[in-house]
There are 2 protein chains.
Amino acid sequence: MNGIQEIAAATGLSKSTVSRALRNLPSVAPSTIMAVRRKADELGYIPSSAASGLATGRTRAVGVVVPVIDRWFYIQVLEGVDAELRRAGYDLILFNLGGLAGDRERVFHRSILRKRVDALILLSLVFEDDERRQLETMEYPTLVIGGPAPGVRHLGIDDYAVARTATEYLLGLGHRAIAHIGGQDREGLNTAVPGERHEGFADALATHGIEPRPEWDGNGAFSFQGGHDAMARILASDSRPTAVFAASDEMAFGAIVAIREAGLRIPEDLSVVGIDGHAYGEVLGLTTFSQDPVEQGRFAARVLLAELAGQPPVPWLDPAPVRFIERTSAGPAPSA
Amino acid sequence: MNGIQEIAAATGLSKSTVSRALRNLPSVAPSTIMAVRRKADELGYIPSSAASGLATGRTRAVGVVVPVIDRWFYIQVLEGVDAELRRAGYDLILFNLGGLAGDRERVFHRSILRKRVDALILLSLVFEDDERRQLETMEYPTLVIGGPAPGVRHLGIDDYAVARTATEYLLGLGHRAIAHIGGQDREGLNTAVPGERHEGFADALATHGIEPRPEWDGNGAFSFQGGHDAMARILASDSRPTAVFAASDEMAFGAIVAIREAGLRIPEDLSVVGIDGHAYGEVLGLTTFSQDPVEQGRFAARVLLAELAGQPPVPWLDPAPVRFIERTSAGPAPSA
DNA sequence: GTGAAAGCGCTAACAG
DNA sequence: CTGTTAGCGCTTTCAC
């Protein structure tokens with residue numbers, strides 16, 4: 001004899017009353033609740049989430065889908081989501097696409113989402129039409145964090161605007177020779193962020209009548225190593241920029257290392273700005289446009305949880321705030 | 001009418017046959033399997049994990065408990081575990097203790113493990129007696145990765161030995177003034193790794209008759225920032241070491257930055273070695289003792305999965321391999 | 001405030 | 001190879 005039943009037998013109550021008592025329903029006498037609880041502890045009772053899930057249709061779990069896991073932004077968001085979920089007694093199921101196109105299919109069409117979650121948070125993903133349709137048929141609350149996602153509710157900073165502002169900051173310091181280190185999609189991974197940030201950069205230049213130079217446009221894959229290599233390549237080109245806009249702090253760090261390796265000084269010879277607000281930035285003196293992905297994660301979780309609790313869905317979310325942190329990595333353009 | 005039942009009705013088969021067909025059981029006619037599959041697709045059938053979980057007693061999910069999420073090692077392990085789990089069609093439920101003592105109680109005693117997982121992977125945790133007892137009563141396969149865990153099966157490198165070897169490497173280069181940057185537990189987090197690595201360091205020194213100097217023993221909290229600050233403090237002390245052993249690469253990176261900030265050269269003035277094999281190390285030229293946490297995660301998942309598949313449990317796991325990567329951050333002690 | 005009974009969607013004997 | 005019959009452990013009407 002197992003579970004709730006056992007407690008019922010031991011207390012002389014019915015299964016239903018035990019079930020109610022365990023959930024603290026108001027219709028149960030306080031004394032009964034106490035008694036049930038005590039017995040439950042005594043018997044080492046562990047509720048079966050499968051059983052209650054089957055009965056209620058809810059899993060008390062939220063899924064988080066990440067394109068890859070090993071990136072500062074995703075980790076931070078995960079922290080935030082986790083914290084809020086934990087508070088509410090929800091579990092977090094992690095789906096890592098791992099950059100593999102094959103797994104994508106698995107997540108969106110197949111068993112992975114087999115009614116295992118009550119809501120879904122997707123990180124920086126753009127969907128194919130049929131993927132969106134799948135999401136819609138699943139019917140549970142969904143939210144995208146990071147990068148606009150056509151057709152799905154989205155939360156995050158305005159990537160285009162931030163990139164543009166960052167570039168304009170450099171322009172304001174007198175720089176005209178500005179390099180860009182950004183990213184490009186890995187196979188099968190659709191992310192809007194790199195494109196948005198690149199566009200903001202390009203438009204800022206255009207407004208000032210500056211032609212972008214292809215040899216100053218590096219692909220840093222949004223990673224430290226990538227940023228380093230991209231910067232090294234830019235420095236190896238015929239002419240040297242006086243500033244570099246890195247579309248993420250991790251790439252900016254890589255760039256900083258590459259610049260130092262080349263024997264150049266920051267910011268005297270070369271200015272660097274990033275986007276993100278990565279913790280290393282403080283030590284490295286990186287001037288950056290900082291966002292708070294932990295809070296974004298928390299917020300997303302709260303929105304979803306509220307809807308699961310019956311609140312009406314919010315159709316639109318304001319862009320997340322960005323804070324400019326001026327440190328030492330960017331300075332006036334060297335006077336020619 | 002829902003689920004499997006619906007398919008049964010539409011195909012004229014019985015629920016059981018449909019259930020079998022969906023699971024590709026060999027006892028089903030191939031033609032039937034095809035027919036069932038087609039109908040399932042057509043109806044957009046999504047299996048209910050709760051229902052099958054209730055019926056089988058299995059959740060097809062594995063839990064991973066991390067002390068904090070934002071650390072290179074844990075992320076890497078998570079990648080590995082995830083990859084292997086995904087391959088086997090298992091889901092990964094992430095439990096982040098978040099450094100909070102309170103959440104610990106939740107994980108081990110309360111609802112968190114409410115029969116939601118079939119197996120458990122714990123990262124770098126040491127348990128209280130009653131926690132271990134709880135784990136035992138749960139009865140499902142459990143494994144600890146990183147740091148010895150008394151009473152529970154454990155997988156990982158030999159932290160003591162690696163630390164000792166690393167220190168001996170420095171001694172072999174002629175260094176006698178060697179600093180240590182390690183970690184100490186945050187409130188409520190029990191991790192054996194910092195202690196093990198510190199001991200290895202201390203014993204290596206002792207063997208050579210060298211007295212450890214307290215002002216050269218920094219707490220870097222196993223983070224970049226921590227490593228930086230610890231190193232800065234050491235450099236600010238009255239006398240300067242000629243080498244530093246950082247118990248993790250992330251701390252080593254912080255130390256490297258601090259050393260450069262102090263205007264010192266690596267390795268001419270100061271040698272640095274780390275442990276881990278963090279990807280940044282290549283760019284930064286860090287000499288380190290590298291482990292492969294992704295593979296550790298994969299391996300752990302495979303072990304657990306095998307046991308869930310009915311294989312006899314393996315009581316003991318060999319230490320994971322460590323590879324020495326000699327780069328440029330360590331050199332001979334400056335001749336006094 | 002508590003109990004009885006039905007059922008959530010699937011799997012697992014046991015027959016045939 | 002397929003169908004029948006019971007549950008898995010909990011929640012939820014509907015009574016009392």
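Letters A, B, ... are given to chains in the order of the sequence lines, protein chains preceding strands, and every chain is numbered from 1. Predicted, not measured: the structure shown is a model, and the values here were computed from it.
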Do the side-chain N and O atoms of B/Ser19 and B/Ser16 include a donor-acceptor pair separated by under 3.5 angstrom?
-> no
Report yes if at least one side-chain N or O of A/Ser14 is closer than 4.0 Å to OP1 or OP2 of C/dA4; otherwise report no.
-> no
Heavy-atom check, side chain of B/Pro293 versus side chain of B/Val77, under 4.5 Å | yes
Among D/dC1, C/dT11, C/dG9, find the nucleotide with the atom closest to the side chain of B/Lys15.
-> C/dT11
Interatomic distance, A/Asn2 CG vs D/dC10 C1' [rounded to whole Å] | 12 Å
Measure from the side-chain heavy atoms of A/Ala55 and tell me the nearest of C/dA6, C/dT2, C/dC8.
-> C/dC8
Grab the CD1-P distance between B/Ile4 and D/dT4 for me, whole Å please.
-> 14 Å
Of the candidates C/dT2, D/dT11, D/dG3, the side chain of B/Thr17 sits closest to D/dG3
Decide yes or no, distance alone: a donor-acceptor N/O pair under 3.5 angstrom between the base of C/dA4 and the side-chain of A/Ser16.
-> yes
Spacing of B/Gln5 atom CD relative to C/dC8 atom C1', expressed in whole Å = 12 Å
Side chain of B/Thr32: nearest nucleotide among D/dT2, D/dG9, D/dC14?
-> D/dT2
Measure from CZ on B/Arg58 to C1' on C/dA12 and round the result to the nearest Å.
-> 15 Å
Please determine if a side-chain N or O atom of B/Ser27 lies less than 4.0 Å away from the OP1 or OP2 oxygen of D/dC1.
-> no
Could you walk me through whether B/Leu94 and A/Leu78 pass the side chain to side chain contact (heavy atoms under 4.5 Å, CB included) check?
-> CA-CA 10 Å; B/Leu94 181 64; A/Leu78 219 46; 4.2 Å; yes
Send over the distance from A/Leu54 CG to C/dG7 C1', rounded to a whole Å.
-> 9 Å
Once you round it to whole Å, what is the distance between P of C/dT2 and CG of A/Leu25?
-> 12 Å
Touch class at under 4.0 angstrom, heavy-atom based, for B/Arg23 against every strand present = sugar-phosphate
Which whole-number value in Å describes the distance from A/Arg60 CZ to C/dC8 P?
-> 22 Å
Send over the distance from B/Ile46 CD1 to C/dC10 C1', rounded to a whole Å.
-> 15 Å
Here the pair of heavy atoms bringing A/Asn96 nearest to B/Arg86 is N-NH2, 3.8 Å
Contacts of A/Arg20 and B/Pro30 projected onto DNA chain D by closest heavy atom; the upstream (5') one is B/Pro30
Provide the closest heavy-atom pair for B/Val18 versus B/Ala8 in the form atom of the first, atom of the second, distance.
-> CG2-CA, 3.7 Å
